[in-house]
Amino acid sequence: MQIDFKHELSEEDARARLEVLGDYLHNRHGIRVAWVDGKAKFAGKYMVVKFEGELSMAPGMIHFRGQDPGVLWRRRAVRYLESKLERYLDPKVSIEELPRGV
């Protein structure tokens, strides 16, 4: 599964927001997120969908590469991840307003 998501934030702000998203995924769904060498590695389950992959950053772009959950869950998984990226990388929403799933 691949997602390429454009954003308008500075790399520092995008990284901080993605760390908050990682907190949310861990606290809400038990998905582990670990940052190593500028990349986030994900592992866990949401509902019956296994999330395992890597998120990397480029100027103005987020790249997610992960295990394909199969034809039955692919569209739902992509929509879920894209909706979270839209919310957490929205410059109109302050970082303090972003949920951490606690």
Side-chain angles (χ1 to χ4, degrees):
M1 181 169 64
Q2 297 184 22
I3 298 173
D4 295 310
F5 188 86
K6 289 185 181 186
H7 65 85
E8 300 175 4
L9 301 169
S10 70
E11 191 168 337
E12 182 178 285
D13 192 19
R15 167 74 186 254
R17 289 164 174 267
L18 291 171
E19 288 177 0
V20 172
L21 175 56
D23 291 345
Y24 173 85
L25 293 172
H26 178 74
N27 294 332
R28 182 75 176 186
H29 304 297
I31 296 173
R32 294 178 314 280
V33 181
W35 285 88
V36 179
D37 297 328
K39 296 180 181 181
K41 299 202 182 260
F42 291 83
K45 283 177 92 171
Y46 173 67
M47 296 174 65
V48 297
V49 177
K50 183 177 180 181
F51 278 98
E52 207 170 292
E54 183 176 273
L55 182 138
S56 61
M57 299 175 59
M61 184 70 73
I62 302 298
H63 303 286
F64 175 84
R65 303 293 181 259
Q67 181 176 348
D68 188 339
V71 69
L72 293 176
W73 293 99
R74 183 180 306 128
R75 186 176 302 160
R76 180 174 274 178
V78 168
R79 275 189 280 163
Y80 179 78
L81 288 172
E82 285 179 339
S83 73
K84 290 301 177 197
L85 291 172
E86 285 173 10
R87 170 92 169 124
Y88 281 78
L89 296 174
D90 183 348
K92 293 177 267 182
V93 177
S94 73
I95 196 167
E96 293 79 21
E97 295 176 83
L98 297 171
R100 292 181 183 263
V102 181

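Residue numbers start at 1 and run along the sequence shown. Please read these numbers as outputs of a predicted model, since none were measured by experiment.
- Inter-residue side-chain proximity for F5 and L81 is flagged as unmet; no heavy-atom pair is nearer than 4.5 Å.
- Note that the CD atom of E54 and the CZ atom of F42 stand 10.0 Å from one another [nearest 0.5 Å].
- Across all their heavy atoms, V93 and R17 have their closest contact at O-NH2, 2.6 Å.
- Every residue was checked against the side chain to side chain contact (heavy atoms under 4.5 Å, CB included) condition with S83, not counting sequence neighbours, and none meets it.
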Is there a side-chain contact (heavy atoms from CB on, under 4.5 Å) between R76 and Y80? Walk through the geometry before answering. CA-CA 6 Å; R76 180 174 274 178; Y80 179 78; 5.5 Å; no

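- What you find for A58 and H7 is that their closest heavy atoms are O-NE2, 4.3 Å.
- A salt bridge links R15 with E19; the closest basic N to acidic carboxylate O contact falls under 4.0 Å.
- Checked against ring-ring contact (aromatic ring centres under 6.0 Å, His included), Y24 has the following partners two or more places apart in sequence or in another chain: H29.
- Other residues, nucleotides and ligands contribute more than 12 heavy atoms inside 6.0 Å of the NZ atom of K84.
- The environment of E12 atom CD is sparse: at most 12 non-hydrogen atoms of other residues, nucleotides or ligands sit within 6.0 angstrom.
- Residue M1 is not grouped with residue M61 when hydrophobic side chains (ILVMFWY) are merged at heavy-atom distances under 4.5 angstrom, including chains of intermediate members.
- Within the 3.5 Å criterion, the main-chain N or O of R100 finds a donor-acceptor partner in the side chain of N27.
- Heavy-atom neighbours of R65 CZ from other residues, nucleotides or ligands within 6.0 Å: above the threshold of 12.
- In this structure, V33 is not a member of the same hydrophobic cluster as V36, with clusters built from ILVMFWY side-chain heavy atoms closer than 4.5 Å.
- Between L85 and L21 there is a side-chain heavy-atom pair separated by less than 4.5 Å.
- Using a 4.5 Å cut-off on side-chain heavy atoms (C-beta onward), I31 and H26 make no contact.
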